[in-house]
Protein chains: 2
Amino acid sequence: MSLRHAVLGLLTEGPASGYDLLKVFEASLANVWPATQSQLYGELGRLADAGLIEVVAEGPRGRKEYGLTEAGLAELRRWLIEVEPESFRRTDMLLRVFFLGVVSPEQAQAYLREQGAVAARGRESLEEIRSTVDKGDLENAPLAVYGRIALEWGLRFTAMQQEWAEWAARQVDRIGERHTAAAPGTDGSGQSRP
Amino acid sequence: MSLRHAVLGLLTEGPASGYDLLKVFEASLANVWPATQSQLYGELGRLADAGLIEVVAEGPRGRKEYGLTEAGLAELRRWLIEVEPESFRRTDMLLRVFFLGVVSPEQAQAYLREQGAVAARGRESLEEIRSTVDKGDLENAPLAVYGRIALEWGLRFTAMQQEWAEWAARQVDRIGERHTAAAPGTDGSGQSRP
DNA sequence: CTTGACATGTAAATCGTTACATGATTTG
DNA sequence: CAAATCATGTAACGATTTACATGTCAAG
């Protein structure tokens, strides 16, 4: 139920329409909390019904600008301070690792190396954002500081993942050395545990 | 749609009932891909309908043991090799960071330090698992190797998160020094951007 | 006057969680 | 025989994705 709070958070920067918010979700929040158009308009309706946001202006093409209400800001603060973040991570990438024994060591290594490369590419694009952000030094404005902190998480995460993937690929080498003959192909033949 | 593949993966270790699988999900897979009982039984039914698994034995209390079919193993391999993992992470914890500007620097710091502590606790419990696993040296059996690789990810991830959170809390100190008077409480008064 | 950007919404399907419901078997 | 464990399922609700549907305005 955090899309709700993401919307409230974005509206602290000033009023915006669903369309505006959608662009923010696609651009800056895409890596943290993706949202689709459907979901967003639905949530805006529900937030307005709940009195957490309200229409503050109407524009051309039926444009509705929403602004945060007092209740909305209070709810955002409550969520930030009182509600514990859910810690579990459903990671597709890691789930696969558990089952890499069913493909050949070469295929497993290819998988791990690819994950390392994906992380490296991610890190590069974040580095670019960093250099842009760090240039326009905004005198420690809170937003810049917290945005920079989130960015740093991404930088460290991708670096960690890259190093881990490379390490992991090397570990698989050590199986390869012992099981060269036993490696099953993709032919769909029998199970690993007889 | 990866619960499906998690189930297929677990069944490569041998036939199991829904009840058996549920325990595995709660114990070893809980941190990577949580699943509830409802979801699991539903998925088992659908997998059986699709011919990817089949009932290989029936026990007491209506127990049904499912085993992987050839088609199921082929599907698992296809998923591992051909389907790219989805990279986006919906991280509650990080979403909040973006909005920490709406609470006081002290509260923001408390939040970040708590996240560091959570990571530290997670890391400790993984370290314990590691010491257990590393003792019973299973001669590089593929399962032990890949399980160990996944565990290593957790160790590195929690270490990274702990260090990041501590770094982040120090960054907030630097705002605190400049904005000591401007910090809003939890009283729900006005917005940061008038 | 056509294209592209702006702008909002609904419908159907799938996935996930919580809670409910039921009953059989083993063990002390 | 009572309690714990084994064992499977359904119902209701909320979150998410994909696709559909509609219409306005500005610029070339």
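A, B, ... follow the sequence lines: proteins, then strands. Residue 1 opens every chain.
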(request) For B:Gly62 and for A:Gln37, locate the closest nucleotide of DNA chain D by heavy-atom distance; then report the residue assigned to the nucleotide nearer the 5' terminus. (result) B:Gly62
(message) From CG of B:Asp92 over to C1' of D:dT16, roughly how many Å is that when rounded to an integer?
(response) 16 Å
(message) Check this for me: does the side-chain of B:Ser38 come within 3.5 Å of the base of C:dT18 through a donor and an acceptor?
(response) yes
(message) Rounding to an integer number of Å, can you tell me how far A:Leu40 CG sits from C:dA7 P?
(response) 13 Å
(request) Take the protein atom CD of A:Glu43 and the nucleotide atom C1' of D:dT17, then report the distance between them rounded to whole Å. (result) 15 Å
(request) With the side chain counted from C-beta on, respond yes when A:Arg156 and B:Glu163 share a heavy-atom pair under 4.5 Å apart, and no when they do not. (result) yes
(request) Kindly point out which of D:dA11, C:dG16, D:dT17 is positioned nearest to the side chain of B:Gln39? (result) C:dG16
(request) Give the nucleotide from the list C:dG23, C:dA7, D:dT8 with an atom nearest to the side chain of B:Arg61. (result) C:dG23
(request) Go through C:dT17, C:dC6, D:dA7 for me and flag the one nearest to the B:Tyr19 side chain. (result) D:dA7
(message) Without decimals, in angstroms, what is the distance between B:Tyr41 OH and C:dT18 C1'?
(response) 17 Å
(message) For a quick check of understanding: with a heavy-atom distance under 4.0 Å over all strands, which category does B:Arg4 fall into, base, sugar-phosphate or nothing?
(response) nothing
(message) Between B:Gly18 and A:Pro60, which residue's closest nucleotide on DNA chain D lies nearer the 5′ terminus?
(response) B:Gly18
(message) Could you go through B:Arg130 and B:Glu127, starting from their C-alpha distance and side-chain angles, then the distance that decides it, and tell me whether this counts as salt bridge (Lys or Arg N to Asp or Glu O under 4.0 Å)?
(response) CA-CA 5 Å; B:Arg130 171 165 68 179; B:Glu127 295 275 17; 2.5 Å; yes
(request) Measure from CG on B:Leu44 to P on C:dC15 and round the result to the nearest Å. (result) 14 Å
(request) Using whole Å, report how far CD of A:Glu58 lies from C1' of C:dA7. (result) 13 Å
(request) Taking only the side-chain heavy atoms of A:Lys23 (C-beta and beyond), determine which of D:dC6, C:dG16, C:dC6 contains the nearest atom. (result) C:dC6
(message) Let's see if you can work this out: which of D:dG9, C:dA7, D:dT16 has an atom nearest to the side-chain heavy atoms of A:Asp20?
(response) C:dA7
(request) To the nearest Å, give me how far apart CG (B:Leu22) and P (D:dT5) are. (result) 15 Å
(message) If you only use heavy atoms from C-beta on, which nucleotide in C:dA7, D:dT17, C:dT17 is closest to the side chain of B:Thr36?
(response) C:dT17
(message) If you count heavy atoms of other groups shown closer than 6.0 angstrom to CD of A:Glu86, is the number above 12?
(response) no
(request) Tell me, with the steps shown, if B:Leu95 and A:Leu29 meet side chain to side chain contact (heavy atoms under 4.5 Å, CB included). (result) CA-CA 8 Å; B:Leu95 176 62; A:Leu29 233 50; 4.1 Å; yes
(message) Would B:Arg4 pass as a cation-pi partner of B:Trp79, given that its NZ or CZ must be under 6.0 Å from the six-membered ring centre and within 45 degrees of the axis?
(response) no
(request) For A:Met1 and D:dG14, give me the distance from atom CE to atom P, rounded to whole Å. (result) 9 Å
